[in-house]
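Following: one structure in structure tokens, then a few remarks.
For the single chain, residues carry numbers from 1 onward in sequence order. When a ligand or atom number is given, it counts from 1 through the structure's own listing order.
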Amino acid sequence: MNADVDVESERGPVPALHDRAVACADHLHDADRVLLASHIDADGLTSAAIASRALERAGIAVETVFEKQLDRAAIERLAAADYDTVLFTDFGSGQLDIVTEFEADFTPVIADHHQPADADTEYHLNPLLEGIDGASELSGAGASYVLARALGGESNRDLAGLAVVGAVGDMQDGDGGLSGANEAIVREGVAAGVLSEETDLLLYGRQTRPLPKLLEYASEARIPGISNDEAGAVSFLADLDLDLKRDGEWRRWVDLTGEERRTLVNALLRHAISRGVPADRINALVGTTYVLPDEEPGTELRDVSEFSTVLNATARYERADVGLAVCLGDRGPALDRARHLLRTHRRNLSEGLQWVKTEGVTVEEHVQWFDAGSRIRETIVGIVAGMAVGSSGVRHDLPILAFADAGDGELKVSARGSHALVRRGLDLSAVMREASRAVGGDGGGHDVAAGATIPADAREAFVTHADRIVGEQL
Ligand SMILES: [Mn+2]
């Protein structure tokens with residue numbers, strides 16, 4: 001046996017985080033009961049599922065709550081719940097300056113991947129503290145998984161599938177799949193038999209979308225005559241020598257044989273080349289995908305990216321409990337409820353996107369923005385902004401800011417950039433924090449995607465600040 005390998009595996013999936021994970025786990029083991037607070041998105045829900053399951057397995061009682069944002073009022077609510085230990089997953093680091101004010105009420109334990117505020121605490125697990133990129137290499141669910149492994153060892157490797165759902169939900173995967181610390185989690189999931197890694201067509205909806213919709217809705221591919229073009233997608237398919245329907249219903253990607261998939265991919269590549277799609281976007285049409293082999297083929301849970309959409313569809317509509325139950329294995333009432341919420345979510349996204357396309361965006365020197373008012377829910381306006389980039393009338397070479405009413409005299413701002421802009425120096429986390437604080441609000445997040453809350457009358461001043469800061473970064 002190779003001694004080095006043995007030592008390495010004893011330090012968990014992400015050795016650089018091992019000491020922090022063990023310190024957090026030891027403190028949790030000493031607690032009788034823990035209040036777990038997590039964020040309301042796919043990464044936050046999978047974080048909560050991983051952490052709560054690992055705590056239960058370790059014999060530690062846990063109550064789970066979700067917060068849309070961890071502001072002072074939310075932290076006061078947690079303090080009032082009267083737990084000695086509060087575990088924060090997928091948030092907490094960015095609010096450490098406030099959290100540490102409450103250390104007389106509870107001991108915080110944090111498993112997060114957001115940029116930490118200017119304060120620290122004893123039990124703090126965050127990749128950024130060890131030089132690992134929290135935007136692309138480890139998600140909140142990944143940090144929670146590292147914690148789960150420290151809590152329960154290799155028996156918790158079956159939670160790796162959920163960690164991958166969280167990472168993909170936070171858009172940490174590129175066309176080569178996940179990288180960095182995330183790759184170690186993928187390896188553990190594959191070894192545990194709960195995850196498989198496949199090279200496949202990289203369009204969203206391989207499990208559930210009818211073939212024409214799979215092609216038409218793939219707006220990120222930007223293939224002229226197919227993307228955002230219903231008639232074009234149908235006629236492209238009709239030209240192929242394939243049986244497109246079964247019993248009168250369109251077939252899905254998952255229904256095709258290997259041979260049929262190759263035929264379709266080859267035709268798609270030829271079409272893209274003939275229409276002058278640049279090589280980098282053509283290469284990005286095929287790449288690494290992740291599948292949960294225990295889930296039924298053709299369902300929303302089989303593919304990790306579709307799974308993450310199901311979770312967003314619950315949490316963004318005040319039903320994080322439903323998403324959590326699905327993560328924890330409920331394939332009955334919770335999944336039925338989640339599917340219903342998913343239909344509503346899809347309709348809202350498509351109506352929101354249509355509204356942005358119709359109304360257009362305002363282009364400043366370094367940013368573009370739109371204000372949806374109350375037409376798009378503040379909980380999904382960031383998703384809509386991300387979808388809008390690349391559609392006609394919205395530039396993909398500028399970051400986009402999306403405003404929506406948040407009630408109580410406040411505006412929610414969601415910002416989305418691209419990996420190409422980040423490589424040139426864009427850091428939306430800093431933009432959101434500085435511009436919002438300059439107008440009496442607060443914000444933060446990641447370099448490629450971030451958010452803020454500001455007073456409702458501060459939009460114009462906020463845009464001016466953000467435009468200037470982005471200009472300085474690029
Ligand atoms: Mn996250």
Quiz item: Can you check whether Pro127 reaches Val14 side chain to side chain, under 4.5 Å on heavy atoms?
Solution: no
Quiz item: Is a salt bridge present between Glu296 and Arg331, judged by a nitrogen-to-oxygen distance below 4.0 Å?
Solution: no
Practice problem: Identify the two heavy atoms, one from Leu178 and one from Glu183, that lie closest to each other, and give their separation to 0.1 Å. | Solution: O-CG, 3.3 Å
Self-check item: Minimum-distance atom from the Mn ion (ligand 1) among N, O or S atoms of Asp43
Solution: OD2
Quiz item: Taking just the N, O or S atoms of Asp90, which one is nearest to the Mn ion (ligand 1)?
Solution: OD1
Quiz item: Got an N, O or S from His113 under 2.8 Å of the Mn ion (ligand 1)?
Solution: yes
Quiz item: Should the ring pair His27 and Tyr123 be called parallel, tilted or perpendicular, given that the plane angle runs from 0 to 90° and is split at 30 and 60?
Solution: parallel
Exercise. Please find out if the Mn ion (ligand 1) and some N, O or S atom of Asp170 are separated by less than 2.8 Å.
Key: yes
Quiz item: Counting backbone and side-chain atoms alike, does Asp41 have an N/O/S atom under 2.8 Å from the Mn ion (ligand 1)?
Solution: no
Self-check item: Exceeds 12 heavy-atom contacts within 6.0 angstrom, atom CG of Asp294
Solution: yes
